[in-house]
Amino acid sequence: MFDNPMKWIILTVLLWVSGATAHGQTVLQGDSLYRGLQVGKSTFEDIKRVMGSDYKAEKITGESTGKLRDGRCVTIRRVIGQKVYYRKQGVTFYIRSNSRQEWLGGIDFNSRCTVQSSQGIMPGHHTFADVIASYGPIDFDKKDNTTPKLEQSSDDGENWMTSIVFPNVSFRSVGKRQPGENILLRRIEIIRLASE
């Protein structure tokens with residue numbers, strides 16, 4: 001069957017590599033693609049085609065305030081997208097929308113997801129120190145908005161995240177940065193893909 005030893009070697013290597021990948025981590029290609037889904041381009045239909053129908057969706061509402069000619073202030077609330085949770089896989093998709101189109105605005109991967117960044121960082125396994133060792137140094141005291149940077153954010157004003165943000169990927173940890181805290185010891189709990 002295998003009269004050429006080189007064919008046998010190639011087949012053995014291919015079987016070994018495919019077996020290792022099947023049980024390993026899904027790599028976020030270039031920190032911008034996950035299973036063919038791309039932030040800024042893919043749609044909700046693309047997500048359902050790739051991920052299936054076992055999800056929970058929740059509306060994302062935006063709020064803006066304006067001033068009328070008579071001086072009164074008005075608050076306008078409107079649906080600007082939805083969060084789509086695939087809890088079993090540990091993935092959350094953020095679908096943005098307007099009156100003309102919808103698009104994938106971001107993807108969060110928590111520690112239940114068997115995923116790793118293009119530099120080998122996995123949620124639940126690595127720290128901010130590992131991120132810096134893999135991606136390069138950042139200025140923790142940077143005051144401008146360029147990346148890479150350290151950022152603190154909250155969607156509701158109560159639950160805070162501290163993140164190391166790079167152009168297409170950020171590494172997130174729960175809680176605000178505390179005075180005197182060695183931020184390098186923070187565990188990565190979420191990897192987020194988002195467009196700049």
Side-chain angles (χ1 to χ4, degrees), residues 25-44 46-47 50-51 55 58 60-62 80-87 89-97 102-179 181-196:
Q25 303 289 316
T26 301
V27 176
L28 302 175
Q29 299 167 355
D31 287 337
S32 64
L33 283 174
Y34 172 68
R35 296 179 61 181
L37 298 169
Q38 187 169 11
V39 173
K41 296 190 178 179
S42 297
T43 65
F44 188 31
D46 296 330
I47 294 166
V50 171
M51 300 296 292
Y55 63 86
E58 170 185 309
I60 301 173
T61 304
I80 59 171
Q82 61 182 325
K83 281 184 188 180
V84 180
Y85 301 96
Y86 285 87
R87 294 194 194 279
Q89 292 99 326
V91 182
T92 302
F93 295 93
Y94 296 87
I95 310 298
R96 300 300 307 258
S97 61
E102 70 174 19
W103 65 95
L104 178 57
I107 311 171
D108 281 356
F109 306 94
N110 66 34
S111 60
R112 285 191 307 271
C113 187
T114 56
V115 69
Q116 67 179 346
S117 74
S118 63
Q119 300 295 320
I121 303 298
M122 297 181 297
H125 297 279
H126 291 96
T127 64
F128 280 180
D130 299 320
V131 170
I132 291 168
S134 296
Y135 283 82
I138 69 165
D139 180 2
F140 286 109
D141 298 319
K142 186 182 284 189
K143 303 296 183 210
D144 63 12
N145 206 27
T146 60
T147 56
K149 64 182 176 179
L150 184 70
E151 175 181 272
Q152 295 185 102
S153 61
S154 174
D155 291 336
D156 59 11
E158 294 179 19
N159 300 304
W160 288 85
M161 300 293 283
T162 300
S163 307
I164 295 180
V165 181
F166 291 90
N168 294 318
V169 64
S170 61
F171 302 91
R172 310 185 83 202
S173 179
V174 173
K176 278 187 171 183
R177 183 179 184 185
Q178 300 301 313
E181 174 187 11
N182 183 350
I183 201 78
L184 298 176
L185 300 178
R186 284 268 185 124
R187 184 152 309 280
I188 304 303
E189 297 173 55
I190 294 172
I191 295 177
R192 173 173 283 178
L193 297 185
S195 57
E196 289 188 83

Find out whether Y94 and R192 are in side-chain contact, i.e. whether some heavy atom of one side chain is under 4.5 Å from a heavy atom of the other. yes
Would you compute the distance between atom OG1 of T43 and atom CD of E102 and round it to the nearest 0.5 angstrom? 5.5 Å
List the steps and the verdict of ring-ring contact (aromatic ring centres under 6.0 Å, His included) for Y135 and F166. CA-CA 9 Å; Y135 283 82; F166 291 90; 5.1 Å; yes
Would you say that E58 contacts Y85 through its side chain, given a criterion of any heavy-atom pair below 4.5 Å between the two side chains? yes
Search all heavy atoms of T162 against all heavy atoms of R177 and return the closest pair with its distance. OG1-N, 3.4 Å
Those residues at least two apart in sequence (or on a different chain) that pass ring pair (Phe, Tyr, Trp, His ring centres under 6.0 Å) with F93 are Y86
Any side-chain to backbone donor/acceptor pair from R186 onto G175? Under 3.5 Å, distance only. yes
Which atom pair, heavy atoms only, marks the closest approach of P137 to P148? O-CG, 4.2 Å
Got a second to check how far S111's OG is from M122's CE, nearest 0.5 Å? 11.0 Å
Any chance you could measure I188, atom CD1, to S163, atom OG, to the nearest 0.5 Å? 8.5 Å
Show your working on side-chain contact (heavy atoms from CB on, under 4.5 Å) between I80 and I60 and close with a plain yes or no. CA-CA 6 Å; I80 59 171; I60 301 173; 3.8 Å; yes
Please round to the nearest 0.5 Å and tell me the distance separating atom CD1 of I190 and atom CD1 of I107. 13.5 Å
Working note: N110 + E189, criterion side-chain contact (heavy atoms from CB on, under 4.5 Å); need CA distance, chi angles, decisive distance, verdict. CA-CA 6 Å; N110 66 34; E189 297 173 55; over 6 Å; no
From I183 CD1 over to I164 CD1, what is the distance, rounded to the nearest 0.5 angstrom? 7.5 Å
Derivation of the side-chain contact (heavy atoms from CB on, under 4.5 Å) call for L37 and D46: CA-CA 7 Å; L37 298 169; D46 296 330; 3.9 Å; yes
Please check if the side chain of Q178 supplies one atom and the backbone of K176 the other of a donor-acceptor pair under 3.5 Å. yes
How close do V50 and R35 get, heavy atom to heavy atom, and via which atoms? O-NH2, 3.3 Å
Is it true that T92 and R87 share a donor-acceptor pair across their side chains at a distance under 3.5 Å? no
Kindly write out the residues that satisfy side chain to side chain donor-acceptor pair (under 3.5 Å) with S42, not counting sequence neighbours, or none if the list is empty. none
Using a 4.5 Å cut-off on heavy atoms from C-beta on, say whether the side chain of F171 contacts that of S117. yes
Before you tell me yes or no, could you show the steps for L104 and I47 under side-chain contact (heavy atoms from CB on, under 4.5 Å), namely the whole-Å CA-CA distance, both residues' side-chain angles and the distance that decides it to 0.1 Å? CA-CA 9 Å; L104 178 57; I47 294 166; 3.8 Å; yes
Would you mind reporting whether F128 and R187 have side-chain heavy atoms less than 4.5 Å apart? no
Do M161 and Q152 have side chains that approach each other closer than 4.5 Å (heavy atoms only, starting at C-beta)? no
Spacing of T61 atom OG1 and Q82 atom CD [to the nearest 0.5 Å]: 11.0 Å
Using a 4.5 Å cut-off on heavy atoms from C-beta on, say whether the side chain of L184 contacts that of T127. no
P123 versus V115: any side-chain heavy-atom pair under 4.5 Å? yes
